[in-house]
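Below: one structure, written as structure tokens.
Index from 1, following the sequence.
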Amino acid sequence: MRRYRAKAAPHGVAHTAGLALAAMVLIVAAPLSLDAQGMAATSKRALPPIPLPEGVDPPQVTYLDIAEPAGLTGVSASERAREMRYLTETTGTGVALVDYNNDGLLDIFLVGSGQSASDTEGEAHRLYRNLGGLMFQEASEEVGLAATGWGQGVCAADFDSDGFVDLFVTHWGKDVLLRNLEGTAFRDEAPERGVAGTAQRWSTGCSFLDFDRDGDLDLFVAHYVDFDPEITPLPGDAPQCTWKGASIPCGPRGLGPESMSLFANDGHGRFRDVSESTGISTEMRYHGLGVVAADLDSNGWTDIFVACDSTANLLYRNLGDGGFEEIGLMSAAAYNEDGHEQAGMGVAAADYDGDGRVDLFQTNFADDTNTLYRNRGGIMFRDRTVPAGMATATRYVGWGAVFVDFDHDGWPDIFAANGHVAPSVDDAGIGETFAQPRILFWNRGDGVFHPVSGTAGDGITERHPSRGAAAGDLDNDGDLEILVVNLGESPSLLQNQVQPIGNWLSVRAVSRSDSDAIGAQVSVTLPDRTLIGEVRSGDSYLSQSDFRLHFGLGDAQSAEVEVQWPAGTTSSRREVPANQFVTLREGTGHGTVR
């Protein structure tokens with residue numbers, strides 16, 4: 001049994017055709033009965049946890065919300081009133097944890113949104129500077145942040161290779177590219193850079209990636225619905241504007257579906273739309289939300305997965321010739337194990353079972369399970385939600401999702417943020433609430449997860465209408481905090497008050513331009529196995545987590561660290577002592593430790 005000490009208080013296409021056919025047969029043979037919102041008319045029943053092996057006990061974990069003493073007191077204006085009329089008011093916003101001024105501390109960027117569909121100006125984005133010791137000071141005005149419209153999500157990268165991280169903010173309306181002016185201010189350069197989009201389009205999840213491996217960062221943007229408040233029915237005015245009899249904002253079903261976008265960087269920080277020529281632009285029949293760009297078939301080329309709301313998920317396989325092939329159905333990641341589309345919101349990626357392949361976890365709507373897609377190799381997936389013990393929670397609407405190894409045993413655990421779509425469910429007598437608790441699953445290390453939410457502290461059990469979530473080491477002490485966006489409330493900053501005995505490493509991969517090397521693949525080799533990670537831009541629900549990769553080492557006192565750079569070269573360092581921050585730089589054969 002592990003011991004814990006108290007923590008101080010806070011101050012492959014060849015065989016895919018058969019699978020695709022099988023999935024189609026399943027869909028035809030067992031059609032899903034949908035209600036007006038596109039959800040299963042018959043609720044999925046939650047299953048009990050899979051019994052723990054004899055002698056195995058889940059670790060102690062106590063998350064507390066320390067946002068208020070940390071200085072994070074700004075209220076999200078997405079919904080200060082109790083009444084929501086349109087879908088734009090229900091989706092909420094994301095958060096980015098980035099070191100904008102290169103002082104070695106992660107700062108917090110919160111996307112500004114609006115209060116009603118008629119609020120075209122919206123609220124200003126917020127930036128909280130990290131002062132150290134989990135104390136933050138708002139610096140929004142100082143760095144020139146202002147209202148840019150109805151904000152949604154955020155992803156980060158140093159797109160112009162000047163050594164300072166920039167932010168792309170998606171909107172219902174024109175998008176914004178906040179170029180970092182050497183850590184002193186941000187300036188919107190989306191129009192001149194070619195990524196502003198149009199005033200009529202709704203963008204959600206995003207990710208910077210070097211899809212063609214030419215050395216500069218390109219940009220993928222997901223789109224949600226074709227929305228016009230002038231013609232959209234109000235809650236209760238149409239069948240698609242109710243949930244179990246409760247009047248809620250209409251959508252996404254009943255609103256026009258969308259396609260996705262890809263912008264190629266010309267090497268000078270300017271972009272052109274290559275959605276059509278690369279195969280990214282599909283038929284307009286999807287509702288895209290969460291995005292993760294990752295090398296899902298371990299061939300050195302970044303693929304893209306999009307969690308879609310009430311439509312099939314999208315999986316774009318990178319062909320390595322400048323193009324993509326959409327293989328969601330063939331890969332078995334478009335639907336769940338029953339062959340049904342789900343209401344996908346957020347997505348997280350990690351190797352949860354230690355087989356060296358990147359797996360996917362997707363959050364979904366109420367009366368359904370979240371979905372765990374195990375990567376079988378060759379970019380083929382299998383829904384392992386039930387056998388992995390993840391079918392124990394079906395009451396909540398899931399949004400932000402992150403893998404966090406909270407006990408440092410080397411097995412990624414899962415956190416998800418929840419909250420219903422509108423406050424009207426509180427008074428509908430349907431047994432559901434707008435504010436909902438979070439969920440936390442402990443990875444047993446044998447391919448099975450065990451729910452620990454009920455004993456994981458007030459930061460998990462307290463109810464909030466949550467949306468975006470991101471994880472990062474905000475105090476540089478070796479474990480991860482979780483920042484959660486709440487509609488109409490201040491954000492939550494969750495800190496684990498129980499320090500595990502397990503050891504850890506935090507690895508930063510730095511490119512030749514002195515930036516976080518997006519797309520770099522990191523392996524940490526222990527005596528008995530190898531842990532993997534990848535530097536990614538954007539994931540969870542419309543959010544950006546720490547670029548540094550956190551690895552729990554268990555009892556290991558040291559490890560070998562290797563980085564495979566997007567260009568194909570490698571850097572490594574042997575016998576790195578545990579409980580250190582490690583930086584490896586492209587173009588060198590070794591790394592630094594502190």
Exercise for the section: Kindly indicate, with the supporting measurements, whether the criterion side chain to side chain donor-acceptor pair (under 3.5 Å) is fulfilled by N486 and S466. Expected result: CA-CA 4 Å; N486 302 310; S466 300; 2.7 Å; yes
We want to know whether [X] and [Y] form a side-chain donor-acceptor pair, criterion being a heavy-atom distance below 3.5 angstrom.
X	Y	result
H287	S310	no
T569	E586	no
N318	T302	no
S492	R438	yes
H171	S203	no
D405	W411	no
T170	Q152	no

Handout entry: From CA spacing to verdict: side chain to side chain donor-acceptor pair (under 3.5 Å), W565, Q521
Key = CA-CA 7 Å; W565 306 99; Q521 299 174 27; over 6 Å; no
Problem - Over 12 non-hydrogen atoms of neighbours within 6.0 angstrom of CZ in R272 - result: no
Problem - R213, CZ atom: more than 12 neighbouring heavy atoms under 6.0 Å - result: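 It does: R213 CZ has more than 12 such atoms within range.
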Is the closest side-chain heavy-atom distance between [X] and [Y] below 4.5 Å?
X	Y	answer
V397	W399	yes
F324	L319	no
L106	F547	no
S545	V402	yes
L296	L360	yes
F109	V95	no
I532	V522	no
R467	T91	no

Problem - Close aromatic pair by centroid cut-off 6.0 Å: F449 and W442 - result: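 Between F449 and W442, the centre distance exceeds or equals 6.0 Å.
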Exercise for the section: Decide if the gap between the ring center of F365 and the ring center of H420 is smaller than 6.0 angstrom. Expected result: yes
Problem - D359 (side chain) donor-acceptor with Y352 (main chain) under 3.5 angstrom - result: yes
Problem - Spacing of CD1 belonging to I304 relative to CG belonging to L314, to within rounding of 0.5 Å - result: 10.0 Å
With a 4.0 Å cut-off, would you call [X] and [Y] a salt bridge?
X	Y	result
E258	R201	yes
D303	R317	no
R548	D473	no
D516	R508	yes

Problem - Nearest heavy atoms of N336 and Y373, plus distance in Å - result: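 Nearest heavy atoms, N336 then Y373: N-OH, 4.0 Å.
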Exercise for the section: Please name the pair of heavy atoms, one in P491 and one in L483, separated by the smallest distance, quoted to 0.1 Å. Expected result: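 For P491 and L483, the tightest heavy-atom pair comes out as CB-CD1, 4.0 Å.
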Problem - Option among V274, D218, V195 that satisfies the side-chain contact (heavy atoms from CB on, under 4.5 Å) test with F263 - result: V195
Exercise for the section: Dump the intermediate steps for side chain to side chain donor-acceptor pair (under 3.5 Å) on S261 and H223, then the final yes or no. Expected result: CA-CA 8 Å; S261 296; H223 304 287; 2.8 Å; yes
Problem - Aromatic plane relationship, F208 with F168 - under 30° parallel, 30 to 60° tilted, over 60° perpendicular - result: perpendicular
